[in-house]
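Here's the structure, in structure tokens; my notes come after.
Counting convention: from 1, in listed order, for ligands and their atoms alike.
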Amino acid sequence: MKKVGKDLDKVLENIIMQHEQRAREQQGRHDHKDFFDVLLSLMDQPMNPQDQHVYILDRTNIKAILLDMMVAAFDTSSGTVEWTLTELLKNPRVMKNLQQELEREIGMDQMVEEKDLKKLNYLDIVVKESYRLHPVAPFLVSRESMEDITIEGYFIPKKSRILVNTWAIGRDPNVWSENVEEFYPERFIDNNVVYLRGNEFRLLPFGSGRRACPGMNFGLVIVRLVLAQLVHCFTWELPSGVETKDIDMTEAFGLSMVRANHLLAKPTYRLLDKAM
Ligand code: HEM
């Protein structure tokens with residue numbers, strides 16, 4: 001554990017040093033400041049000098065924030081991509097629809113880019129359906145109730161620890177419909193299920209409220225872009241002898257619910273050569 005800690009510290013130090021060096025070289029003419037440039041510019045000064053308890057962000061705090069971001073971003077994004085690809089392999093009809101959307105909107109002579117994502121409506125509902133069945137954080141982050149309350153006849157005392165089971169909500173036929181176990185993105189076509197807004201609590205892959213995921217927009221771009229490129233550039237096949245009904249769907253139990261075993265599939269390039 002100590003060795004991992006030291007190695008991680010080296011990686012984080014490196015990232016910080018690169019940012020510091022770039023800031024020195026550019027001497028204030030720093031056009032494209034990223035999140036860490038902003039944090040570094042606030043380092044070792046009182047955040048708000050008028051506050052009773054003055055809080056200072058030091059180098060260790062910045063490394064902790066950087067690590068927090070990396071941990072929060074990695075498994076969640078890669079886990080979503082892997083579950084969605086699994087469902088696409090299990091459901092060739094949906095894979096075909098998605099590839100057709102990509103052929104129609106992007107063509108076969110170029111790769112998908114971030115600017116194209118707004119055109120890919122089917123991709124959007126495929127990702128929503130994937131989150132319904134495979135929320136990466138199935139219990140979100142636990143909450144504590146601030147006051148006594150009764151909801152639907154259940155009394156919840158103040159200071160109870162609350163887990164929101166988004167996995168169960170996603171598979172509840174009273175919330176969705178009888179075909180709740182089926183991977184059927186079209187269920188999202190005619191409804192207004194949106195992530196993280198108002199009183200819509202059916203789909204909560206990024207949580208909700210004050211502690212909801214601050215990386216949602218960034219995460220959704222990564223997930224959609226990677227998936228679009230994988231599905232657009234390649235035809236995917238299961239290993240020989242494996243049928244769609246045999247695909248391993250075992251979930252790993254933990255803070256994030258990724259696949260227990262990695263997905264095995266064989267890609268074959270499908271774009272025209274000039275797309276490379
Ligand atoms: C696309 C994949 C992602 C998914 C599915 C996801 C999901 C979540 C969930 C469910 C939570 C807990 C929300 C709650 O309990 O209400 C969370 C928190 C958080 N996420 Fe994400 N996330 C993703 C990507 C990212 C990225 C890319 C970043 C940062 C670059 C990030 C940063 C965070 C942070 C810092 C928290 C803690 C917020 C707090 O406690 O106040 N996430 N995320």
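Every heavy atom of R210 sits 4.0 Å or more from the atoms of ligand 1.
Taking a cut-off of under 4.0 Å to the non-hydrogen atoms of A212, the atoms of ligand 1 that pass are 13 (C), 16 (O). For ligand 1, the atoms lying closer than 4.0 Å to a non-hydrogen atom of R143 are 14 (C), 15 (O), 16 (O). Short contacts between ligand 1 and A137, defined as distances under 4.0 Å to a heavy atom of the residue, involve ligand atoms 10 (C). Close approach of ligand 1 to G207 (heavy-atom distance below 4.0 Å) involves ligand atoms 10 (C), 13 (C), 14 (C), 16 (O). Contact atoms of ligand 1 toward F218: 27 (C), 30 (C) (distance under 4.0 Å to a heavy atom of the residue).
In this structure, the protein non-hydrogen atom closest to atom 8 (C) of ligand 1 is C213 CB, 3.6 Å. Closest to atom 27 (C) of ligand 1, if we only count protein heavy atoms, is A73 CB, 3.4 Å. Counting only heavy atoms of the protein, atom 10 (C) of ligand 1 lies nearest to P205 O, 3.2 Å.
Within a 6.0 Å sphere centred on CG of L255, other residues, nucleotides and ligands contribute 12 heavy atoms or fewer.
Considering backbone and side-chain N/O atoms, Y131 never comes within less than 3.5 Å of an N/O atom of ligand 1. In terms of N/O distances under 3.5 Å, ligand 1 is not approached by D68. In terms of polar-atom proximity, defined here as any N/O pair under 3.5 Å, R211 does make such a contact with ligand 1.
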